[in-house]
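This chain uses plain numbering: 1 for the first residue, then up along the sequence. Ligands are counted one by one from 1 in listed order, and the atoms in each one are counted from 1 as well. Only heavy atoms go into these numbers, but all of them, side chains included; no hydrogens, no water, no symmetry mates.
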Amino acid sequence: LPALAVEGLTVVADAGRAGPLPIVRDVSFTVARGARMGLVGESGSGKTMTAMAAMGLLRRPLRITAGSVRLGETDLRALRGRALNRVRGGRIGMIYQDPMRSLNPLHKVGDQISETIRLHTSLNRREAGARVLELLDDVGIADAAAKARAYPHELSGGMRQRVMIAMALSADPEVLICDEPTTALDVTTQRRIVELLVRISREREVAMVMITHDLGVAAGFCDEIAVMYAGRLVEQAPVRELYAAPRHPYTEALLGAACDLTLPLGRPIPTIAGQPPLPGQLASGCSFHPRCPYAQEVCAQQRPALAESGDGGRVACHFALTREEVRHG
Ligand code: SF4
């Protein structure tokens with residue numbers, strides 16, 4: 001059983017007279033225990049909304065209209081109130097780009113981690129205090145006792161992100177969703193945080209989903225990448241295959257000319273000619289056709305289905321395999 005299974009997830013935004021606008025469209029993927037998947041795309045592609053929906057964190061005007069999200073055998077969409085809260089932040093955790101979003105500036109970081117531990121476990125105050133030090137040590141914070149007594153603003157950005165990771169780990173999650181966790185950090189710190197997350201996923205067999213617009217981070221972190229465009233998953237493949245031979249024109253455009261794993265960290269998605277479409281103005285057929293250099297007549301008429309691509313991946317493009325043959329011909 002996969003740690004996380006998202007099936008046919010569909011999210012709309014209720015926009016008054018404009019009607020429900022499609023934000024996430026029929027997205028399906030699974031992440032095995034200890035596996036790391038990247039959700040990659042431009043801003044507005046639906047990658048963050050997919051993760052928020054998976055966590056049950058959507059607020060009006062956003063709502064899920066179809067699909068399921070399973071954590072092991074648990075159907076997250078069937079949970080409400082306290083049951084959902086116990087799972088969220090417990091069995092499934094989330095790390096944000098800005099740790100200050102989750103940390104309380106007025107409380108010492110050790111107390112905040114301790115509070116999370118006590119919320120999700122049966123440890124008493126003293127045991128939770130000892131666990132805090134273990135966790136801080138485990139996420140590479142030297143002098144854990146002193147750091148536990150610090151307030152968030154007394155720590156560097158990288159240190160705060162480590163505290164967030166410690167907090168997310170405190171309830172022993174099965175799945176960790178990381179939303180651009182390194183974007184606000186300098187390149188050296190980014191690398192260290194990515195290394196830390198990879199180590200954690202291996203040692204604790206935590207399934208991870210990394211939402212990122214940074215292909216360097218994705219290459220260094222993921223073993224599988226799912227590319228989103230206009231709310232849909234357009235390609236998914238093991239990281240090496242995807243970087244070596246992208247099958248979807250959008251993936252190819254994201255990667256630019258240098259399709260290899262030597263992309264430096266901090267490299268953003270290159271600009272692609274044209275704008276990503278707004279949810280209310282999606283093109284007919286393949287949503288990418290107005291920007292696609294390979295578009296043919298059929299592309300504006302028929303939406304390509306997401307189909308197996310033969311190398312353990314999936315791709316949604318009428319001409320994906322043809323171009324693949326040409327590239328290697
Ligand atoms: Fe381009 Fe057509 Fe493939 Fe869409 S289906 S990505 S427009 S070639």
Using 2.8 Å as the threshold, say whether any N, O or S atom from C286 sits that close to atom 4 (Fe) of ligand 1. yes
Which atoms from ligand 1 have a heavy atom of [X] less than 4.0 Å away?
X: F319; result: 8 (S)
X: C317; result: 3 (Fe), 5 (S), 6 (S), 8 (S)
X: H318; result: 3 (Fe), 5 (S)
X: P249; result: 1 (Fe), 6 (S)

The side-chain contact (heavy atoms from CB on, under 4.5 Å) partners of A53 (sequence neighbours excluded) come to L9, V11, L58, I64
(message) Does this structure show an ion pair linking R291 with E42, if we count only N-O contacts that are shorter than 4.0 Å?
(response) yes
Pair R247 + E235, salt bridge at N-O below 4.0 Å:
no
Logged contact type for C292 with ligand 1, heavy-atom cut-off 4.0 Å, is side chain
Quick look: H248 vs ligand 1, heavy-atom contacts under 4.0 Å, and the answer is side chain
Sorted by chain and residue number, the ring pair (Phe, Tyr, Trp, His ring centres under 6.0 Å) partners of Y229 (sequence neighbours excluded) come out as Y250, F288
- Query: Is the distance from atom 2 (Fe) of ligand 1 to some N, O or S atom of C299 under 2.8 Å?
  - Reply: yes
| Could you go step by step and tell me if R303 and R232 meet the side chain to side chain contact (heavy atoms under 4.5 Å, CB included) rule? | CA-CA 11 Å; R303 181 171 62 77; R232 279 190 197 280; 3.3 Å; yes
Exercise. Does the pair R70 and L76 meet the rule for a side chain to side chain contact (heavy atoms under 4.5 Å, CB included), with working shown?
Worked result: CA-CA 6 Å; R70 291 187 163 275; L76 289 189; over 6 Å; no
